[in-house]
K.L.:
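The structure is given below, and queries will be raised subsequently.
Numbered from 1 within each chain, the chains take letters A, B, ... in sequence-line order.
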Amino acid sequence: MSELQNESPENGYDVFAIQDRWLPVWDELRPFNSGIDGDPRPKKYVLDMFPYPSGDLHMGHAEAYALGDVISRYWVQKGFNVMHPIGWDSFGLPAENAAIKRGLDPKGWTYDNIAQQKASMRRYACSFDWDRVLVTSDPIYYRWNQWLFLEFYNKGLAYRKNSNVNWCPSCQTVLANEQVVAGLCERCDSVVTKKALTQWYFKVTEYADRLLDDLDTLEGNWPAKVLTMQRNWIGRSTGAEVEFEVEGRSEPITVYTTRPDTLFGATFMVVAADSDLAAELASMAAPDVRIKFQDYLEQVKKSNDIERLATDRKKTGVELGIFAINPINGERIPIWVADYVLADYGTGAIMAVPAHDQRDFEFAQTFGLAIRMVVDTGEGDPSETGVPTVGDGVLVNSGSLNGLSKYEAIAKAIELLAGQGKGKAAKNFRLRDWLISRQRYWGTPIPIIHCDNCGEVAVAADQLPVLLPSAEGLDLKPKGTSPLGGASDWVNVACPKCGQPAKRDTDTMDTFVDSSWYFLRFLSPNSTEVAFPKDAAHDWAPVDQYVGGVTHAILHLLYARFFTKVLHDLGYVDFEEPFTRLLNQGMVLMNGSAMSKSRGNLVTLSSQLDEHGVDAVRLTMAFAGPPEDDIDWADVSPAGSAKFLARAWRAANDVTSQPGANFASGNADMRKATHTFLRDFAPAIEGFKFNVGVAKIMELVNALRKAIDGEAGSSDPAVREAAEVVAKALSLFAPYTAEDMWAKLGHQPGVALAGLQAADESLLVESSVTAVVQVDGKLRDKFDVSVDISEEELRTRAFASENVQRAIGDKQIANVIIRAPKLVNIATK
RNA sequence: GCCGAAGUGGCGAAAUGGCAGACGCGGAGCACUCAAAAUGCUUUUCCGAAAGGAGUGCGGGUUCAAGUCCCGCCUUCGGCACCA
């Protein structure tokens, strides 16, 4: 039996009865309906990241939705028409894996979980607008994924290419770059391998500059950490492309370098072993070299990213016996192949400057290649010190560049090369195009038909959606090709162009496609006419406040930003960033680590709700600390929260005055406390300091308790004023308790819409303050003074203090700082 | 290795350069009670009986005054990781 149930007969606060009382009332009242025609309130869009329906809601959801709700309810209270919708990101591998394991249809598993989560959200009193709900695995939703895909396709932003892609041997599907974490599959932690496949891509790289530059507009409104991660991920570098003629080859090799100033120090060239260029050069090489190259290439292909990542890895490579000509000085340099150069970055070939690059230096040392210093940084010659130098310095051994600084030389070198037509300024990105096709069943079918005569043929927009065929009879087990290939009735169609037999594309889209634009779909979640109406997008979007975990700092947020920019360029939206403000909440841990069944530290949300009630759990989430910090559930006290809620509720019960009492005639101290609270509460909430906001409510409740038990008494109008303010402020955190308090105070249901009055400044005017006196910065005395005390008088009073005199002793006074009326600091010599 | 953030009581945490520790958890005491629970009140950074002293990771600095600003360390956590 819980403590609360024990205490309820005594003091009347029965949180479970309160929950049962108000939920049906709210169903009638619908306080968070954002779709009323002609609603005059200004609009605001608050969005919580939508959940994946993997089971019931867990403690992490409970934190995220508690915090999102504080923000959403705050703006409602402020008089805004807040759109706060919810949906389910319901396509994806977990459903499919669960289905395979249990021999079920992924659909049944998914929709059962959605129903369960929805019920939990309602019980949890989430302030969602239940008219704005979407489920990405519904045809009415994914139809528009397909429509968007075709829009992208027609713009050349969706394309197919063959390349070495990340392959998860366990999931038996390809992965986007972003889904490979330290060489492991993000989902199952298998070692990711490479596989040459023809796959669909979205051209994110075409937007790389804008995705990077526009981050500046989010500065201050997004967590700095997320901005940094995005910047690093996009990874723009600037430098030059330089052409090297190759002996025995008509075409020159272009290399990318950030250091064209070091061109005179290039003593060899390295080509990525797994590039087409390497293969072609090897075919020109001597027979014994060709064999060595083939052996090496096989070795490289076998190694995976984990091995590549080892930092102390020895440099390896093969010399081709072919030479390139340095365009700046005509020098003949040997060409090597090695795996430390990446095929898919820059041009897949580099000029190696061992004196001024760590990796080139190691390679040169391993194979005894020349190391020539061309920038004197004052740290000594790398060939002697054994340490390559990368900083600024003075150019040496560099012909016409001699004497210049690094940055002058970069500019000059580019100028020289450009003059000869041998090079130009260039930039490169770490960001790669987004691989969006997946060889799995539970996703959006790609609306393309492959015809032997006509090639790729897009499904006509009016033929959408391409419905996902039933899973019945399909083998969903991962086998490297899409399970949809087994649905022959579905796959085999007539080519829309020529009518000849053709086949549907059997891959499905990465689920990140679904979540890249869902925030727009909430504008018209059930429309069969448009993905979203332009005018509604203009009125509501972008999202004013987005709330979710930092786990999506790169993937989801980058893709959503990309989609928004494309939609902008296509003329569908008039903004370029989807999420104006972003709040990342932390995680809920148990005893220092993430909760999991296998760790044995799992605390279920339902157990906490059953034990402490919804309001206490929500309040605990908000009060635990700053929202972005992790919460260790072992360190916080939902029982303490419940105790506080009961205390607040009892105070409201004790109020004996009638609604509409004239507050102005109330107890002055109580009124001052109430209006001090009103002054301080809003800034705390708007600054995401929810824990401080809760602390302020607690202070007000403490003052209220004192007023009721003390001089003012339970009938004082100021007591009513304070109790009403507590109910309204508390409604952001503990909606059930607040609603019940509101009713006990004699009001109609709907505390969420009651509004919170502004502080009456005239009640906050202080007549006296506490002045502190320091001697040499140490507190020695304090006393109450009038707020308009003069400096002279304050000085006199400070020196009159015995404590102060004792602290000064026989020391001489050097300086007296007076900040009337609050502070005197006496500095001695 | 590179980049970034953070270190404050027994614990979660507050603090526009101006009284360190708001608010809460936990602890102690008192009242109510036959008793307990619940509730209310008091107290709770450390040392000290007190007067007083020390105190925001460590060492310096700026300032009348530093948790807060600057420099150098240490530790922890996050991100990136052969990107030329």
K.L.:
Looking at A/Phe367, does the NZ or CZ of A/Lys315 lie under 6.0 angstrom from its six-membered ring centre and within 45 degrees of the ring axis?
P.N.:
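Output no; distance or angle outside limits.
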K.L.:
Give me the distance, rounded to whole Å, that separates B/G55 from B/A66 when you measure between the P atoms they each carry.
P.N.:
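My reading of the P atoms in B/G55 and B/A66 gives 12 Å.
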K.L.:
What nucleic acid atoms does A/Glu699 come within less than 4.0 Å of, heavy atoms only: base, sugar-phosphate, or nothing?
P.N.:
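Sugar-phosphate: the residue A/Glu699, judged by heavy atoms under 4.0 Å, touches backbone atoms but no base.
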K.L.:
Regarding A/Asn653 and A/Tyr13, is there a side-chain donor-to-acceptor distance under 3.5 Å anywhere?
P.N.:
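No - no donor-acceptor pair under 3.5 Å links their side chains.
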K.L.:
Under a plain distance cut-off of 3.5 Å, with no hydrogens placed, do A/Ser641 and A/Thr620 share a side-chain donor-acceptor pair?
P.N.:
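Side-chain D/A pair, A/Thr620 to A/Ser641: present.
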K.L.:
Looking only at atom P, what distance separates B/C82 and B/G60, rounded to whole Å?
P.N.:
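Approximately 41 Å lies between the P atom of B/C82 and that of B/G60.
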K.L.:
Check whether A/Phe783 forms a cation-pi arrangement with A/Arg797 (NZ or CZ under 6.0 Å from the six-membered ring centre, at most 45° off the ring normal).
P.N.:
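Yes.
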K.L.:
For nucleotides B/A22 and B/U56, find the distance between their C1' atoms and express it as a whole number of Å.
P.N.:
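Looking at atom C1' only, B/A22 and B/U56 are 15 Å apart.
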K.L.:
To the nearest Å, how far apart are A/Asn232 CG and B/C3 C1'?
P.N.:
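Atom-to-atom, A/Asn232 to B/C3, this comes out as 6 Å.
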K.L.:
Taking for each residue the nucleotide of RNA chain B with the nearest heavy atom, is it A/Ser637 or A/Met351 whose nucleotide lies nearer the 5' end?
P.N.:
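So the residue in question is A/Ser637.
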K.L.:
OP1 or OP2 of B/G24 less than 4.0 angstrom from a side-chain nitrogen or oxygen of A/Ser641, does that happen here?
P.N.:
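For B/G24, OP1/OP2 do not have a side-chain N/O of A/Ser641 under 4.0 Å.
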K.L.:
Looking at B/A81, I'd like to know if its phosphate oxygens (OP1 or OP2) sit under 4.0 Å from a side-chain N or O belonging to A/Arg430.
P.N.:
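For A/Arg430, the contact criterion (side-chain N or O under 4.0 Å from OP1 or OP2 of B/A81) is met.
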K.L.:
Using whole Å, what does the distance between atom C1' of nucleotide B/A6 and atom CD of A/Glu628 come to?
P.N.:
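My rounded result for the distance is 12 Å.
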K.L.:
So, OP1 or OP2 of B/A6: does either fall under 4.0 Å of a side-chain N or O from A/Lys225?
P.N.:
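Checking A/Lys225 against B/A6: no side-chain N or O falls below 4.0 Å of OP1 or OP2.
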K.L.:
Counting only Watson-Crick or G-U wobble pairs whose two distances fall under 3.5 Å, which nucleotide matches B/A14?
P.N.:
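Paired with no nucleotide.
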K.L.:
A/Gln812 CD to B/C64 C1': how many Å, rounded?
P.N.:
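After rounding, the reported distance stands at 16 Å.
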K.L.:
Between B/U45 and B/A15, how many Å separate the two C1' atoms, rounded to a whole number?
P.N.:
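Result for the C1' pair: 16 Å, nearest Å.
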K.L.:
From CD1 of A/Ile685 over to P of B/C23, roughly how many Å is that when rounded to an integer?
P.N.:
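Taking atom P of B/C23 as the reference, CD1 of A/Ile685 is at 18 Å.
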K.L.:
From the options B/C80, B/C19, B/A84, select the nucleotide whose nearest atom is closest to the side chain of A/Trp233.
P.N.:
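Nearest to the side-chain atoms of A/Trp233, counting from C-beta on, is B/C80.
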K.L.:
For B/G9, is chi within 90° of 0 (syn) or not (anti)?
P.N.:
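It is syn.
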K.L.:
Does A/Val387 offer a backbone N or O that forms a donor-acceptor pair with the side chain of A/Thr385 under 3.5 Å?
P.N.:
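Answer holds: yes.
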K.L.:
Give one of base, sugar-phosphate or nothing for A/Ala827, where a contact means two heavy atoms less than 4.0 Å apart.
P.N.:
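Contact class for A/Ala827: sugar-phosphate only.
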K.L.:
In terms of side-chain heavy atoms of A/Arg647, which of B/C41, B/A84, B/A14 is nearest?
P.N.:
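Per side-chain heavy atoms of A/Arg647, the pick is B/C41.
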K.L.:
Would one find more than 12 heavy atoms of other residues, nucleotides or ligands at under 6.0 Å from atom CD of A/Glu711?
P.N.:
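Open: at most 12 neighbouring heavy atoms sit under 6.0 Å from CD of A/Glu711.
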K.L.:
Salt bridge (charged side-chain N to carboxylate O under 4.0 Å, His left out), that's the test. Do A/Lys778 and A/Asp776 meet it? Break it down for me.
P.N.:
CA-CA 6 Å; A/Lys778 281 190 182 132; A/Asp776 293 324; over 6 Å; no
K.L.:
Do you see a donor-acceptor pair shorter than 3.5 Å between the side chains of A/Asn825 and A/Arg819?
P.N.:
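Absent: no donor and acceptor within the cut-off.
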K.L.:
Which nucleotide in the list B/A81, B/C25, B/A15 gets nearest to the side chain of A/Lys689?
P.N.:
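It is B/A15.
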K.L.:
For B/G57 and B/G53, measure between their P atoms and round to the nearest Å.
P.N.:
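To the nearest whole Å, 23 Å.
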K.L.:
Classify the side chain of A/Asn825 versus the base of B/C64 as yes if they form a donor-acceptor pair under 3.5 Å and no if they do not.
P.N.:
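When only heavy-atom distances are counted, A/Asn825 does reach the base of B/C64 through a donor-acceptor pair under 3.5 Å.
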K.L.:
For B/G59, what is the paired nucleotide under Watson-Crick or G-U wobble rules, both distances under 3.5 Å?
P.N.:
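Base-paired to B/C71.
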K.L.:
Using whole Å, report how far CZ of A/Arg236 lies from C1' of B/A84.
P.N.:
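After rounding, the reported distance stands at 18 Å.
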K.L.:
Given that both distances must come in under 3.5 Å, which nucleotide forms a Watson-Crick or G-U wobble pair with B/C30?
P.N.:
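B/G40 - that is the nucleotide pairing with B/C30, both distances being under 3.5 Å.
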K.L.:
With rounding to whole Å, what would you report as the distance between B/G21 and B/G26 at their P atoms?
P.N.:
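To the nearest whole Å, 22 Å.
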K.L.:
Does A/Asn691 have a side-chain nitrogen or oxygen under 4.0 Å from the phosphate oxygens OP1 or OP2 of B/C23?
P.N.:
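For B/C23, neither OP1 nor OP2 has a side-chain N or O of A/Asn691 closer than 4.0 Å.
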K.L.:
Under 3.5 Å for both donor-acceptor distances, Watson-Crick or wobble: does B/A81 have a partner, and if so which one?
P.N.:
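By the stated definition (distances under 3.5 Å), nothing pairs with B/A81.
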K.L.:
Please state whether the rings of A/Trp336 and A/Phe363 are parallel, tilted or perpendicular, taking 30° and 60° as the class boundaries.
P.N.:
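Taking A/Phe363 first and then A/Trp336, their aromatic rings stand perpendicular (interplane angle over 60°).
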K.L.:
In the strands shown, is B/A5 matched to any nucleotide by a Watson-Crick or G-U wobble pair with both distances under 3.5 Å, and which?
P.N.:
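Check on B/A5: paired to B/U76, both distances under 3.5 Å.
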K.L.:
Which nucleotide, in any strand shown, forms a Watson-Crick or G-U wobble pair with B/G48, with both distances under 3.5 Å?
P.N.:
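None - no nucleotide pairs with B/G48, as no candidate has both distances under 3.5 Å.
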K.L.:
Nearest whole Å is fine: how far is B/G26 P from A/Phe623 CZ?
P.N.:
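Those two atoms, CZ and P, are 12 Å apart.
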K.L.:
Do the side chain of A/Lys696 and the base of B/C23 come within less than 3.5 angstrom through a donor-acceptor pair of N or O atoms?
P.N.:
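Result: no qualifying N/O pair found.
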K.L.:
Please tell me if the side chains of A/Phe361 and A/Thr366 come closer than 4.5 Å, counting only heavy atoms from C-beta onward.
P.N.:
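Result no, sub-4.5 Å side-chain heavy-atom pair not found.
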K.L.:
Of the nucleotides B/A84, B/U42, B/C64, which one has an atom closest to the side chain of A/Leu342?
P.N.:
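Selected nucleotide: B/A84.
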K.L.:
Rounding to the closest angstrom, what is the interatomic distance between B/C19 and B/G27 at atom C1'?
P.N.:
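It comes out at 26 Å once rounded to the nearest Å.
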K.L.:
For B/A22, does either OP1 or OP2 sit under 4.0 Å from a side-chain N or O belonging to A/Asn702?
P.N.:
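No, outside the criterion.
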K.L.:
Hey, which sits more toward the 5' end of RNA chain B by its nearest nucleotide, A/Gly625 or A/Lys706?
P.N.:
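Going by which nucleotide is closer to the 5' end, it is A/Gly625.
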K.L.:
Taking atom C1' in both B/C71 and B/C23, compute the distance separating them and give it to the nearest angstrom.
P.N.:
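These two C1' atoms come out 36 Å apart once rounded.
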K.L.:
Among the nucleotides B/G18, B/A22, B/A84, which one has an atom lying closest to any side-chain atom of A/Gln774?
P.N.:
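Looking only at side-chain atoms, A/Gln774 lies closest to B/G18.
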K.L.:
Does the side chain of A/Tyr340 get closer than 4.0 angstrom to OP1 or OP2 of B/A84 through an N or O atom?
P.N.:
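Checking A/Tyr340 against B/A84: no side-chain N or O falls below 4.0 Å of OP1 or OP2.
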K.L.:
Can you find a side-chain donor-acceptor pair between A/His356 and A/Thr262 that sits under 3.5 Å?
P.N.:
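No.
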K.L.:
Check the interface with nucleotides 52-54 of chain B: list each N/O to N/O pair with the protein under 3.5 Å, or write none.
P.N.:
unit_1	atom_1	unit_2	atom_2	d
B/G52	OP1	A/Arg806	NH1	2.9
B/G53	OP1	A/Arg780	NH1	3.4
B/G53	OP2	A/Arg780	NH1	3.2

K.L.:
What is the distance, to the nearest angstrom, from the CG atom on A/Asp630 to the P atom on B/A5?
P.N.:
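Atom-to-atom, A/Asp630 to B/A5, this comes out as 18 Å.
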K.L.:
Could you state the atom-to-atom distance from CG of A/Leu227 to P of B/G4 in whole Å?
P.N.:
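To the nearest whole Å, that distance equals 14 Å.
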K.L.:
Strictly below 4.0 Å: does A/Arg705 bring a side-chain N or O up to OP1 or OP2 of B/U39?
P.N.:
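Indeed not, no polar side-chain atom of A/Arg705 lies that close.
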